[in-house]
Amino acid sequence: MPTFQTVRGMRDLLGQEAQIVTSIIAKAQETASLFRFKEVFTPHVEYLELLSAKTGDEIRQRMFIFEDLGKRQVALRPEFTASIARLVTTTLRTEPKPLKLFSAGTVYRYDEPQRGRYREFWQSNFELIGVDKPEADTEIILLTNKLLQSIGLSDFAFKIGHIGIIKGILSQDGIDEKTQNTILQRMDKKEYSLALKLVDSEKCQNTLQSLISINGKDWRDVVEQINVLVVGYEKAKAAVENLVEVLTLVTASTEISLTVEPAFARGLEYYTGMIFEVYIPQLEIALGGGGRYDRLIEAFGGEPTSAVGCAHGIDRTAIAIQTQNATYLTKAKVSVVVIPITESVKVDALKIAQSIREHGVSAEFELMGRKMGKALEAADKHGFDYAIIVGERELCEGNVVVKDLKKHEQSTVLIEELFEKIKK
Ligand code: HAM
């Protein structure tokens, strides 16, 4: 028999790893509800044409593409945004705006596997559709800030830019959209000299070169420096003004750590406005990112519709939690195992396990039918807090024996007082 392994870049998640993913999704759902985003589920498989339309080469070249049995070209979703834009142009076409949609699940990219980079990974995704005002960009940043805070992370910082600054300069220089995208992709990979090679005019090259060297935490100061450089570039100036509006709102609404980087670009092609990523100092890879994309829905055949959104990498957030020893997610809940001493008390023991669960405490029933000693040994090994030992003699008096496996103490407790005892 061959020994099967998971496909390269895909992982089984077991035990605590699985638990952390579930807990992060629960936090994302809570955040969605706090900001009034509605959860939607879309398919893992979509038409290739949809997924590749506006994502850009970076993602297009990394998709898992296949032909289904009906000879349709389909692919595993590399992100959620295209599926949500499809929804907005079809089923939700006439829904009143703003639309606020949340999803969580796995996405697929043929990335080079390494720590924090997988071919199947989890994202929580938020899209705010139908608002062109900077308040919407602000909400997306505030939401990300809130989510990471509620997960227990500290020291995370936002990198914020605006794709309209570079695009505005390039388009005024007569550079076509396709070349603009190639330049931005190179800039995203920090291949600045390769990017600048595609720019003919010296003035434009110098302006971009200066923008690349600017970044800082004092956003007003950074904006002043950018404003000096974009004199004469009307579209770029408008982009800076828009960025200022967003930054003013964000910093006035919450305490947030951010750096402004005018030459920052992202791997996805559909962005038209503010873009951001979020990092912790201990990891070089982004925990999340997003931005404004005002032309995607129109490109998919919908009405011209403004939109802004973000996605958070759940696997990377899990690494961040472990790196920072954030404890909230791993805080253990009380767990109990119920062990019947004899066959005759099996039903009573099952009922006791059930009533413990009804009180919201997780209870395992000793299913293997082991003798007391072995069952207690196994319970200890699996880290249970309590063993509830159900014996005939105690039952006759309405009691069970509760063994505290952590303190190595045991006492006889009335069944109706059992829950109070465990809770303590
Ligand atoms: P993205 O930056 O491509 O944006 O992905 C968002 C997050 O997914 C990243 O910040 C990272 O944490 C995680 N991620 C990306 N690739 C991998 C990988 N190979 N392994 C593990 N984690 C990964 C988007 O996907 C956009 N759709 C976000 C968006 C929504 N923009 C507007 N709306």
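Start at 1 and go down the list; that is how both ligands and their atoms are numbered. Bear in mind the structure is a predicted one, so any value in this text is a computation, not a measurement.
Ligand-side atoms of ligand 1 in range of Arg109: 1 (P), 3 (O), 5 (O), 15 (C), 16 (N), 24 (C), 25 (O), range being under 4.0 angstrom from any heavy atom. Annotation for ligand 1: atoms under 4.0 Å from non-hydrogen atoms of Gly289 are 10 (O), 28 (C). The atoms of ligand 1 that sit less than 4.0 Å from any heavy atom of Gly288 are 10 (O), 12 (O). Per-residue contacts place Gly290 under 4.0 angstrom from the following atoms of ligand 1 (heavy atoms of the residue considered): 31 (N). Near Asp111, meaning under 4.0 Å from one of its heavy atoms, ligand 1 places the atoms 16 (N), 18 (C), 19 (N). Using a 4.0 Å cut-off to heavy atoms of Asn125, the atoms of ligand 1 that qualify are 30 (C). Residue contact check: Ala286 has heavy atoms under 4.0 Å from atoms 10 (O), 11 (C), 12 (O) of ligand 1. In the vicinity of Leu268, heavy-atom distances shorter than 4.0 Å reach the ligand 1 atoms 3 (O), 4 (O), 24 (C), 26 (C).
Residue contacts with ligand 1 include Leu287, since one of its heavy atoms falls under 4.0 Å from the ligand. Residue Gly116 places a heavy atom less than 4.0 Å from ligand 1.
Neither the backbone nor the side chain of Asp315 has a heavy atom within less than 4.0 Å of ligand 1. Residue contacts with ligand 1 for Ile59 are absent, since no atom lies close enough (heavy atoms, distance under 4.0 Å). Using a 4.0 Å cut-off between heavy atoms, Arg117 contacts ligand 1 through both its backbone and its side chain. Looking at Tyr270 against ligand 1, only its side chain comes within 4.0 Å, counting heavy atoms. With a 4.0 Å cut-off on non-hydrogen atoms, Phe80 does not touch ligand 1 at all. With a 4.0 Å heavy-atom cut-off, ligand 1 is reached by no atom of Pro78.
With respect to atom 1 (P) of ligand 1, the closest heavy atom belonging to the protein is Arg266 NH2, 3.5 Å. Here the heavy atom of the protein found nearest to atom 20 (N) of ligand 1 is Tyr118 N, 3.0 Å. With hydrogens left out, the protein atom closest to atom 13 (C) of ligand 1 is Gly313 CA, 3.6 Å, a heavy atom.
Residues His162 and Phe264 keep their aromatic ring centres 6.0 Å or farther apart. In this structure, Phe156 has its ring center no closer than 6.0 Å to that of Tyr279. Ring centroids of Tyr293 and Tyr270 are separated by less than 6.0 Å, placing the two rings close together.
Salt-bridge check for Arg220 with Glu224: failed, with every basic side-chain N at 4.0 Å or more from each acidic carboxylate O. Between Lys189 and Glu58, at least one side-chain nitrogen of the basic residue sits less than 4.0 Å from a carboxylate oxygen of the acidic one, meeting the salt-bridge criterion. Between Glu364 and Arg357 no salt bridge is recorded (no basic side-chain N to carboxylate O distance below 4.0 Å). In summary, Glu30 and Lys27 engage in a salt bridge, as defined by a charged side-chain N under 4.0 Å from a carboxylate O. Taking a cutoff of 4.0 Å between a charged side-chain nitrogen and a carboxylate oxygen, Asp294 and Arg292 qualify as a salt bridge. A salt bridge links Arg62 with Asp111; the closest basic N to acidic carboxylate O contact falls under 4.0 Å.
Residues Trp122 and Leu13 form a side-chain contact, since some pair of their non-hydrogen atoms from C-beta on lies under 4.5 Å apart.
The main-chain N or O of Lys203 is found under 3.5 Å from a side-chain atom of Thr207 such that the two form a donor-acceptor pair. Using modelled atom types, no side-chain atom of Arg316 and backbone atom of Leu287 make a donor-acceptor pair closer than 3.5 Å.
Of the candidates Phe126, Phe121, Tyr110, Phe121 brings a heavy atom nearest to atom 14 (N) of ligand 1. For atom 29 (C) of ligand 1, the nearest non-hydrogen atom from the set Tyr279, Tyr271, Phe276, Tyr108 comes from Tyr271. Looking at Gln114, Glu277, Glu127, it is Glu127 that brings a heavy atom closest to atom 33 (N) of ligand 1.
For Glu79, a nitrogen or oxygen atom sits less than 3.5 Å from a nitrogen or oxygen atom of ligand 1, counting backbone and side chain alike. By the 3.5 Å distance cut-off applied to N or O atoms, Gln123 is counted among the residues near ligand 1.
The salt bridge (charged side-chain N to carboxylate O under 4.0 Å, His left out) test with Glu46 is passed by exactly one of Arg72, Arg77, Arg86: Arg86.
Between atom CD of residue Gln19 and atom CG of residue Leu14 there is a gap of 12.5 Å, rounded to the nearest 0.5 Å.
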